[in-house]
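When a residue number appears, it is its place in the shown sequence, counting from 1.
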Amino acid sequence: MALSWNEIKDRALNFSKEWAGTSNEEADAKPFLVEFFNVFGISSKRVATFEHRVKKLDDKDGYIDLLWKGTILIEMKSRGKNLDKAYQQAKDYTHGLKQHELPKYILISDFENFRLYDLEDNSVQGIENPKTVEFKLNDLVNNVQHFGYILGYQKKVYKEQDPANIKAAELMGKLHDRLEEIGYTGHPLEVYLVRILFLLFAEDTTIFNKQQFQDYIEQRTNEDGSDLAAKLQELFQVLNTPKENRFKNLDEQLADFPYVNGKLFEENLPTASFDSKMRQALLDCCYIDWSKISPAIFGSMFQSVMNPKERRNLGAHYTSETNILKLIKPLFLDDLWSEFESIKDNKNKLPEFHKKLSTLKFLDPACGCGNFLVITYRELRLLELEILRALYKSGQRVMDVSDIIWLDVDMMSGIEYEEFPARIAEVAMWLIDHQMNMQISNEFGQYFVRLPLKKAAKIVHGDALETDWENIVSKNDLSFILGNPPFIGSKIMKQSQRDQIVKQFDNADGSGVLDYVTGWYIKAAKFIQDTKIKVAFVSTNSIVQGEQTSILWGQMLNKYKIKIHFAHRTFKWSNEAKGNAAVYCVIIGFANYETINKSIFEYEDIKGEAHELKVKNINPYLVDAKDILITKKTNAICKIPKIKFGNQPIDGGWLILDEQERNEAIEKEPYIEKYIRRYYGSEEFINGRIRYCLWFGNFNPTELKSSKFLMTRVGNVRKFRLESERKDTQKLADIPTQFAFKSHEESEYIIIPSVSSERRKYIPIGFMSANEIASNLCLIIPNAELFHFGVLTSLMHMAWVKNICGRLKSDFRYSNGIVYNNYPWPENPTEKQIKAIETAAKKVLDTRLQFPKSKMSDLYELDGMPPALVKAHNELDKAVDLAYRPQPFTSEANRMEFLFELYEKYTANIFTKEKVKKGKKKQ
């Protein structure tokens, strides 16, 4: 009786294990080939001859290791020998064979590597350029189908397969789009595509026979696609039916498909419709080699299937495998591996550890396509494999490998808002489970596949913020919560989402400005009360900067007693998906209990690798300091000049002029020049854009009335304000010559752009003259001195900015209430220290003047700062550092630890009122 493919695969695994690592001394071609044929249930002695003598072209005798006349010639060589030369030798042997003895195939092997040459393939040129399949001994199980001809099976033409990468998703995307175009949409379409994904993966990974699904389409459906939908419906039904319950007269090709179950094919879907192009699109998907793709990147792949607009609205930034490992290693994986290493030689403790592993439960409450769950499960299965190796390292035979595999996909749970990703996640879990089962099979020499599917990951299609997590997995059973909740900023949230956040925060003050991700943090904090559940999320760094920090972490720390166990400071998000956005992220691991094992992962380069720092505490700003929260303040904690917003026109643009408008106006009416001043916002100050504004102080009404240009402009301001829907703006129509908000004083001032690039070591800050007007896109400090400029332009202040300020995308967003008013200035600096800072600050300003044609953006470009300016800033940094303490600061984290301690002292009113001495005015 012929063996089934599963039996052949089982034998192939045993054969590979038995002959793995055979030395040249031990390698003997005859027993090797006898056992090789036995894999397929064939007696080599019955069908073939060993050491078959032939006459070569030079009339000398040659000996073929094995010849099955008319079928295959096999030539064996010692390990490491040149297989190209071996093939040439085999070709030479064929000249001494009779016509009916000529082989259809030549197999060359060195006991480790196999090359199978197909001499009859119509697409190539016979023996001189045959089609070749190459694989290693341990991969025989995945290549047994190439030897189907020796079992009498019809030879199959295996089309060359491309590695399944992003191209696979693009092909699936085309199929998705075409089905959607014909009206096959919504839930049926999503389930349909998930089923096809499973079938594609199954035929390339030994769940099905190789190309079984492809053959079914090519051989059982019409080229015009007219009957493809019906044939697929029939296949779905067969896959959902146990073999013993199928029709007895079922088409033999259909009957050969295994019973899948798992509810994947249970639902009765509407019948789709295909045409020839759609059929070809499906076949193109079949030609991709799906075995080469990890289920872990299904999320990235199917990002290109989803609608880009929906993708942004759902915040679906799929996580790369690297970023997932950054989270799961400190959350649980490192600890589990450490525990394994400590007991791996203790056979009494290993089963107990194995049992512990199998009882762990995981929840991803924003699971998307299941990336986190897939990688987590894969890593746990790899650890289980090491446990089994340690338990059975003596080489004892395992009777049934299914008895020793204790981990299964039902240890994973997830919640996903969209149905399509939820179903992808469920299938991805089955597929990674199968891949790990194949690794176990290779290890123990038994072919093991979990069919029919009996267990599944519990992936719930729903809104995580509205779902009771206890109904998905009990907190009494749950071990870890993990994932990357949606990245939706406060300013682009829908009102319904904002309402959800406010509700989660019990209507706390300020909760309306929080990003959407904070809802997952607070819900997790509530859920893990009085448990040992650990949580870790990837999220945008907005939750550890700016005003959001004190609102979120005020509740997390004070109300729910959360402790941060580990954190990755800001790094740049990356993944493989098409059109992915640049996002700056943090990872935060926390629990409802304290630990002495805390780590901060610091990035010198946000695009690079992290280094781990063992710390005593991690505060909400991800700094090794006490749990301090920086709240918005109207007055500074130190005695320093007051900071203000610049001047805001609210004018419809009529008080603002570009250079051409200004020149043309003065040319016609020279006397109005005194009413026109240079105007600076962040763009003008940093990038050198030239703009002007109409600035009326104590103006002469007669001059104003006599100017057609001024009256037109002022009249339009009045009209714009009157037409506003805001009553306050309408009132401003009475004074159309004035800016709506005026902060300008007729004196020098420091200007700080409210937004500037994070790619600069220093925020460009400057001194402005009394005649220059700053817009509301800058902050100004009237009556400031060189000392203040020096401290604000230092690395010490920049460390505070980078860690405390809010962000616009990744750019710094300087603020008065959070950054400036909370900044801890040096404690009672000496006159000598103040003088040193003033001298160094003036050097910075003077050095800038050496480059009159350069914009601030040029001078402060990270890789393009002039050496003289770099030197001036280094001297200033040193002077400012010495005003804080004599010991040098070794890192930004070191600076922040010091500043938080100083902040705590200032806010505890430990110091006297004279906190910062006055310095000198800029000369």
Side-chain angles (χ1 to χ4, degrees), residues 299 306 310-319 327 361-373 412-422 425 457-475 478 480-529 531 533-540 542-544 548-549 551-556 559-560 562 583 585-592:
M306 295 168 64
E310 289 179 1
R311 186 163 70 246
R312 166 147 190 183
N313 290 341
L314 296 169
H317 290 264
Y318 292 98
T319 322
L327 183 149
K361 299 285 186 184
F362 297 81
L363 171 66
D364 183 346
C367 70
C369 292
N371 302 36
F372 272 92
L373 298 177
M412 302 291 165
S413 300
I415 308 170
E416 169 52 34
Y417 187 78
E418 288 289 296
E419 184 176 19
F420 185 39
K458 187 173 184 180
I459 310 296
V460 175
H461 169 214
D463 187 331
L465 295 184
E466 303 296 335
T467 301
D468 186 348
W469 296 0
E470 183 70 25
N471 291 337
I472 296 169
V473 54
S474 171
K475 67 179 66 174
L478 186 60
F480 301 98
I481 299 172
L482 72 173
N484 65 313
F487 297 173
I488 303 177
S490 176
K491 286 184 166 49
I492 60 172
M493 282 162 56
K494 296 176 182 176
Q495 186 58 47
S496 59
Q497 292 169 329
R498 195 178 312 283
D499 292 342
Q500 283 184 304
I501 298 305
V502 171
K503 178 183 175 184
Q504 288 293 333
F505 280 81
D506 301 321
N507 297 297
D509 289 345
S511 55
V513 305
L514 294 172
D515 288 351
Y516 200 41
V517 68
T518 60
W520 275 258
Y521 274 83
I522 205 71
K523 183 151 186 170
K526 295 175 183 178
F527 189 71
I528 65 173
Q529 291 299 293
T531 72
I533 299 169
K534 289 174 70 175
V535 184
F537 290 135
V538 180
S539 45
T540 46
S542 59
I543 65 167
V544 294
Q548 291 197 50
T549 311
I551 301 167
L552 167 62
W553 292 100
Q555 290 219 7
M556 294 283 285
K559 189 172 182 179
Y560 298 108
I562 293 302
V583 185
C585 296
V586 293
I587 297 172
I588 303 176
F590 59 91
N592 186 225

Approximate separation, where rounding is to 0.5 Å, of [X] [atom1] and [Y] [atom2]:
| X | Y | atom1 | atom2 | result |
| --- | --- | --- | --- | --- |
| Tyr560 | Lys526 | OH | NZ | 4.5 Å |
| Ile501 | Leu465 | CD1 | CG | 5.5 Å |
| Leu363 | Phe480 | CG | CZ | 13.0 Å |
| Asn371 | Asn484 | CG | CG | 7.5 Å |
| Ile472 | Lys361 | CD1 | NZ | 13.5 Å |

Is there a side-chain contact between [X] and [Y] in this structure, where contact means two heavy atoms from C-beta onward sitting under 4.5 Å apart?
| X | Y | value |
| --- | --- | --- |
| Tyr521 | Ile543 | yes |
| Phe487 | Asp515 | no |
| Phe590 | Ile528 | yes |
| Gln555 | Ile551 | no |
| Leu478 | Thr531 | no |
| Phe505 | Leu552 | yes |
| Val538 | Phe372 | yes |
| Val473 | Lys458 | no |

Assess the residue pair Ile459 and Leu373 against the criterion (side chain to side chain contact (heavy atoms under 4.5 Å, CB included)); give the C-alpha distance rounded to whole Å, side-chain angles, the decisive distance to 0.1 Å, and a yes or no. CA-CA 10 Å; Ile459 310 296; Leu373 298 177; 3.8 Å; yes
Closest approach of [X] and [Y], non-hydrogen atoms and distance?
| X | Y | value |
| --- | --- | --- |
| Lys534 | Ala591 | CG-CB, 4.1 Å |
| Met556 | Ala525 | SD-CB, 3.6 Å |
| Ala366 | Pro486 | CB-CD, 4.1 Å |
| Gly368 | Glu416 | N-OE1, 2.8 Å |
| Gly483 | Asp364 | CA-OD1, 3.6 Å |
| Tyr516 | Gln497 | CE1-CB, 3.6 Å |

Qualifying side chain to side chain donor-acceptor pair (under 3.5 Å) pairs with a residue from residues 503-514, counting only residues at least two apart or across chains: Asp506-Lys559
Considering only residues two or more places apart or on different chains, which pairs with a residue in residues 459-472 satisfy side chain to side chain donor-acceptor pair (under 3.5 Å)? Asp463-Gln500, Glu466-Gln500, Glu470-Ser474
Residues which pass side-chain hydrogen bond (donor to acceptor under 3.5 Å, both in side chains) with Thr518, listed by chain and number, not counting sequence neighbours: none
Take Ile588 and Val544, measure what side chain to side chain contact (heavy atoms under 4.5 Å, CB included) needs, and give me the verdict at the end. CA-CA 10 Å; Ile588 303 176; Val544 294; 3.7 Å; yes
Gln495/Asp499 under side chain to side chain contact (heavy atoms under 4.5 Å, CB included): CA gap, chis, key distance, verdict: CA-CA 6 Å; Gln495 186 58 47; Asp499 292 342; 2.9 Å; yes
Given side chain to side chain contact (heavy atoms under 4.5 Å, CB included), test Asn592 with Ile533 step by step and report yes or no. CA-CA 8 Å; Asn592 186 225; Ile533 299 169; over 6 Å; no
